[in-house]
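Nothing here was measured: the structure is a model prediction, and the numbers come from that model.
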Amino acid sequence: MTKRLTEVAKKAGVSEATVSRVLNGRDGVSEATRTAVLTALDVLGYERPTKLRGERARLVGLVLPELQNPIFPALAEVVTGTLAQRGYTPALCARTIGGVSEMDYVEMLLDHQVSGVIFAGGSYALADARHDHYRRLTDRGLPVVLVNAGVDELGFPRVSTDDAVAVEQAYGHLRSLGHERIGMVLGPEGHVPSRRKLDAMVQAADWSDAERECVERSSFSMEGARVAATKLVERGVTGIICASDVLALGTIRAARRLGRAVPTDISVVGFDDSAFMTCTDPPLTTVRQPIETMGQAAVDLLVTQIEGAGVLQDELLFEPELVVRGSTAPAPGR
């Protein structure tokens, strides 16, 4: 008990006596100090006293699928900083292979009486994944915001990059360079943002069913992209649009293993404009997600719900920006 008081007091920046008064429900403590102590208790993983469990902490969960893809740490930086400015303490939950699942993180966050949760790149984006844990959040009336497209029936507010505009920009760029046989490396079949990108490509390129052989699916990994892109290159594709920068890097690796040069033989366009894409060889042409604006909007939507001002069910779409670098060039023979 003494150790707990000491740790909580240090985390909250108050005395152990003040922590004791809060935990015992005594008067004489300001609301701000009381909130700081309870938040420190939650962050350190200590269980609240029974009489305090019904009150939510000013603690907000941020659940990410991974931290290896640079786009997710970039989003985490924006979201956690914005939450802190609004007086909330972020609890970062990043999944790892063989580690804690998204479902388990939801249970942990509920146990800690969080005020709300922001998800990015979770099971909500996969049509064939389990969604029971999201419905638990709905049943509890907990404020939730999703970053990027998810399955419609969940009913949570969403902050998304406009996938159709992203594809239009990438496709238009490759066509302007003279590429006629353009392919795509997308995420899994049930991945909603990838579905949107494919729908936009079919419309922009006026593809027939036969031309869908220019699409290959992959896990969001360089290894998966290498396998998928190899098939496209062997089918004569000269321009490839990828659903992420990681997939684009795997595509460049595939082209080189087949003896093709990027961009002389194969042009590659990524999606995200995550960190260090200016440092790749060649620097990657990519469609930039407005991560800072989207992260701030996600926090604004969540705080609006927490403060009881209602829920915006509509999806907010943010326009991306094509960033042209060295991985695209005129089609061979042009």
Side-chain angles (χ1 to χ4, degrees), residues 69 71 121 125-128 148-149 160-258 260 262-263 265-274 277 280 284-289 320-325 327-329 331-332:
N69 185 334
I71 199 67
L126 298 171
D128 54 356
N148 278 328
S160 305
T161 299
D162 194 323
D163 291 302
V165 171
V167 169
E168 289 166 5
Q169 291 177 348
Y171 177 73
H173 173 60
L174 291 175
R175 288 289 295 163
S176 73
L177 294 171
H179 292 274
E180 296 182 358
R181 194 156 174 78
I182 299 171
M184 303 186 83
V185 176
L186 300 175
E189 182 70 33
H191 185 244
V192 176
S194 291
R195 283 184 178 180
R196 290 185 172 189
K197 289 180 175 68
L198 178 56
D199 290 343
M201 186 67 171
V202 169
Q203 184 170 352
D206 194 23
W207 271 357
S208 65
D209 289 340
E211 287 172 310
R212 293 197 181 212
E213 69 170 8
C214 292
V215 177
E216 286 293 331
R217 301 283 182 171
S218 168
S219 61
F220 281 96
S221 67
M222 290 182 64
E223 295 75 19
R226 185 178 65 79
V227 173
T230 295
K231 298 175 183 177
L232 294 179
V233 174
E234 290 176 339
R235 292 174 194 151
V237 167
T238 64
I240 301 177
I241 299 171
C242 302
S244 77
D245 290 342
V246 172
L247 294 182
L249 296 180
T251 296
I252 292 173
R253 179 177 294 180
R256 286 176 173 163
R257 289 193 177 184
L258 291 170
R260 310 298 210 284
V262 176
D265 300 317
I266 305 292
S267 286
V268 179
V269 181
F271 178 80
D272 282 339
D273 194 28
S274 46
M277 293 304 106
T280 58
L284 186 67
T285 294
T286 186
V287 180
R288 176 183 295 160
Q289 290 200 72
E321 175 188 1
L322 177 70
V323 181
V324 179
R325 299 193 181 104
S327 66
T328 50

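The side-chain heavy atoms of Pro332 and Thr238, taken from C-beta on, include a pair separated by under 4.5 Å.
Environment of CD in Glu321: crowded, with over 12 heavy atoms of neighbouring residues, nucleotides or ligands closer than 6.0 Å.
Under the 3.5 Å distance criterion, with hydrogens and angles disregarded, a donor-acceptor pair is assigned to the side chains of Asp245 and Thr286. Residues Thr328 and Thr285 bring a donor and an acceptor atom of their side chains to less than 3.5 Å of each other.
Of the residues Ile252, Leu247, Val246, the one that meets the side chain to side chain contact (heavy atoms under 4.5 Å, CB included) test with Met222 is Val246. Paired with Gln289 under the rule side chain to side chain donor-acceptor pair (under 3.5 Å), one option of Asp273, Asn148, Asp162 passes, and it is Asn148.
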Working for salt bridge (Lys or Arg N to Asp or Glu O under 4.0 Å), residues Arg235 and Glu216: CA-CA 11 Å; Arg235 292 174 194 151; Glu216 286 293 331; 2.8 Å; yes

Evaluate the criterion side-chain contact (heavy atoms from CB on, under 4.5 Å) for residue pair Val165 and Gln169; output intermediate values, then yes/no. CA-CA 6 Å; Val165 171; Gln169 291 177 348; 3.6 Å; yes

Please test Arg196 against Glu168 for salt bridge (Lys or Arg N to Asp or Glu O under 4.0 Å), starting from the C-alpha separation and ending with a verdict. CA-CA 12 Å; Arg196 290 185 172 189; Glu168 289 166 5; over 6 Å; no

Would Leu126 and Val192 count as a side-chain contact (heavy atoms from CB on, under 4.5 Å) here? Give the steps. CA-CA 6 Å; Leu126 298 171; Val192 176; over 6 Å; no

Stepwise salt bridge (Lys or Arg N to Asp or Glu O under 4.0 Å) check, Arg256 with Asp265: CA-CA 10 Å; Arg256 286 176 173 163; Asp265 300 317; over 6 Å; no

Start with the C-alpha distance between Arg195 and Asp163, add both sets of side-chain angles, then the distance that settles side-chain contact (heavy atoms from CB on, under 4.5 Å), and finish with yes or no. CA-CA 9 Å; Arg195 283 184 178 180; Asp163 291 302; over 6 Å; no

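Arg175 places a side-chain N or O within 3.5 Å of a backbone atom of His179 that can act as its donor or acceptor partner. Checked by atom type and distance alone, the side chain of Ser194 never pairs as donor or acceptor with a backbone atom of Leu186 at under 3.5 Å. Side-chain N or O atoms of Asn69 include one that pairs as donor or acceptor with a backbone N or O of Ile71 at under 3.5 Å. Side-chain N or O atoms of Ser327 include one that pairs as donor or acceptor with a backbone N or O of Val268 at under 3.5 Å.
In plain terms, the two heavy atoms of Val185 and Ala228 that are nearest each other are CG1-CB, 4.1 Å. Listed here is the closest heavy atom pair of Ala200 and Ala164: CB-CA, 3.6 Å. Heavy-atom minimum distance, Trp207 versus Ile182: CZ2-O, 3.3 Å. Minimum interatomic distance between Thr251 and Ala225 (heavy atoms only, all atoms of both residues): N-CB, 4.2 Å. The two residues Gly270 and Leu284 make their nearest non-hydrogen contact at CA-CD2, 4.2 Å. When every heavy atom of Phe271 is checked against every heavy atom of Ala166, the shortest pair comes out as CE1-CB, 3.6 Å.
Of the charged side-chain nitrogens involved, none lies within less than 4.0 Å of a carboxylate oxygen, so that Glu234 and Arg260 do not count as a salt-bridged pair.
Residue Met184 holds its CE atom at 11.0 Å from CD1 of Ile240, rounded to the nearest 0.5 Å. Distance OG1/Thr230 to CZ/Arg253: 11.0 Å, rounded to 0.5 Å. With rounding to the nearest 0.5 angstrom, the CD1 atom of Ile241 is 11.0 Å from the CG atom of Leu232. One distance of note links OH of Tyr171 with OG of Ser176; it measures 11.0 Å at 0.5 Å rounding.
Looking at residues two or more places apart in sequence or on another chain, you find a salt bridge (Lys or Arg N to Asp or Glu O under 4.0 Å) between Arg217 and Glu189.
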